[in-house]
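I have placed the structure first, in the form of structure tokens, so that the comments after it can refer back to it.
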Amino acid sequence: MIHRLALSCLAALALGACASSTPVHYHTLLAPVAPTQVASAGAPFLIEVLPVGIPPQLDQSQLVVRQGSSQVAVVDGERWAGPLADEFRNALSAQLTQRLQTQDVAGLAAPKDQPVLRIKVQVRRLDAWPGQSVQLEADWSLGMAHQPGNPRFLCHGQFQEPAAGGYAELVQAQQRSIAALAARVAEQAQAWASSQTASCR
């Protein structure tokens, strides 16, 4: 009788554990690019989007969200489809190639007869308040590859998007913030590639 009771308890515990486990949702920063974001004419240069720097506290497989002004939470059931740095770089590359109508030659041997603009981004903050908003703060640099003197354009920007809803809407807001960053960088890339002058507003 005691043995049967023990087995019943173990079975109940196992069923409870299965019932309490929550599914894991995987998210990506790579968003579909709307046709309206395409530039009217292709850029006369290729781009090389270098690896993106991510703050260590955000470089997790899980989503890291803010709680109030000083607390953060690592949400175990909401995860990135790949490393966050790769997710961000791929999303930025997709946005830039679409907007500039050019090719990202990162990891490839670039043609010698075409100029290549190198783009480096360092994320300073990627704060997310579920049901409220997301904030992206980043520095970036532009420079033509293999140019004598290696002149660089440096800029800094802050972007904020509303994020009403759940975690899916939160990630969509982060996608929009990357799109806003890409729009700024694409505009500056055109100016820098043509005259090595650009405005960091």
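As the structure is a prediction and not an experimental result, all values here were calculated from the model.
In this structure, Q114 CD and L46 CG are separated by 4.5 Å, a value rounded to the nearest 0.5 Å.
Checking S93 against D104 by side-chain atom types alone, a donor-acceptor pair falls below 3.5 Å. Side-chain contact check for E137 and H156: at least one donor-acceptor pair (N or O, by modelled atom type) lies under 3.5 Å. Between the side chains of Q62 and W80, not a single donor N or O lies within less than 3.5 Å of an accepting N or O.
The two residues L170 and A163 make their nearest non-hydrogen contact at CD1-CB, 3.8 Å. The heavy-atom pair separating P130 from R66 by the smallest distance is CD-O, 3.7 Å. In terms of heavy atoms, I54 sits closest to Q122 at N-NE2, 3.9 Å. Shown here for Q60 and P56, the closest heavy-atom pair between the two residues is NE2-O, 3.8 Å. Between L30 and E87, the shortest heavy-atom contact is N-OE1, 4.0 Å. Residues M144 and P115 come closest through the heavy atom pair CE-CB, 3.6 Å.
At a threshold of 4.5 Å between non-hydrogen side-chain atoms, the residues Q190 and P44 count as touching. Counting heavy atoms from C-beta outward, L29 and L84 have side chains that approach closer than 4.5 Å. W192 places none of its side-chain heavy atoms less than 4.5 Å from the side chain of T197.
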I would like to know whether L142 and V185 meet side-chain contact (heavy atoms from CB on, under 4.5 Å); could you show each step before the answer?
CA-CA 9 Å; L142 307 177; V185 173; 4.0 Å; yes
Apply the test side-chain contact (heavy atoms from CB on, under 4.5 Å) to residues E48 and I119: give CA-CA distance (whole Å), side-chain angles for both, the deciding distance (0.1 Å), then the verdict.
CA-CA 6 Å; E48 182 182 6; I119 301 170; over 6 Å; no
Please evaluate residues L181 and F88 with respect to the criterion side-chain contact (heavy atoms from CB on, under 4.5 Å), reporting the C-alpha separation (whole Å), side-chain torsions for both, the decisive distance (0.1 Å), and the verdict.
CA-CA 11 Å; L181 168 63; F88 198 105; 4.0 Å; yes
Let me see the working for V134 and W129 under side-chain contact (heavy atoms from CB on, under 4.5 Å), right down to the final yes or no.
CA-CA 6 Å; V134 301; W129 286 269; over 6 Å; no
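Looking at K120, its side chain does come within 3.5 Å of a backbone N or O of P51 through a donor-acceptor pair. A donor-acceptor pair is defined here as one N or O able to donate and one able to accept, closer than 3.5 Å; such a pair exists between the side chain of T102 and the backbone of F45. Looking only at distances, no side-chain donor or acceptor of D86 sits under 3.5 Å from a matching main-chain atom of G82. The backbone N or O of G143 sits nowhere less than 3.5 Å from a side-chain atom of Q196 that would complete a donor-acceptor pair. Side-chain atoms of R89 come within 3.5 Å of backbone N or O of V49 as a donor-acceptor pair. Between the side chain of Q95 and the backbone N or O of A182, no donor-acceptor pair lies under 3.5 Å. Between the side chain of Q188 and the main chain of S199, a donor-acceptor pair closer than 3.5 Å is present.
Listed by first then second residue, pairs satisfying salt bridge (charged side-chain N to carboxylate O under 4.0 Å, His left out) with a partner in residues 172-189 read E161-R176, E187-R201, not counting sequence neighbours.
Annotation: salt bridge (Lys or Arg N to Asp or Glu O under 4.0 Å) contacts of D139 (sequence neighbours excluded): R124.
When the side chains of ILVMFWY residues are joined at heavy-atom separations under 4.5 Å, either directly or via intervening members, V52 and V116 end up in two distinct hydrophobic clusters. Both F159 and I178 are assigned to one and the same hydrophobic cluster, defined by single-linkage of ILVMFWY side chains at heavy-atom distances under 4.5 Å.
The one candidate from D127, V75, V72, V74 that meets the side chain to side chain contact (heavy atoms under 4.5 Å, CB included) condition with V65 is V75. Partner of H27 under the side chain to side chain donor-acceptor pair (under 3.5 Å) criterion, chosen from R79, Q172, E78, Q174: E78.
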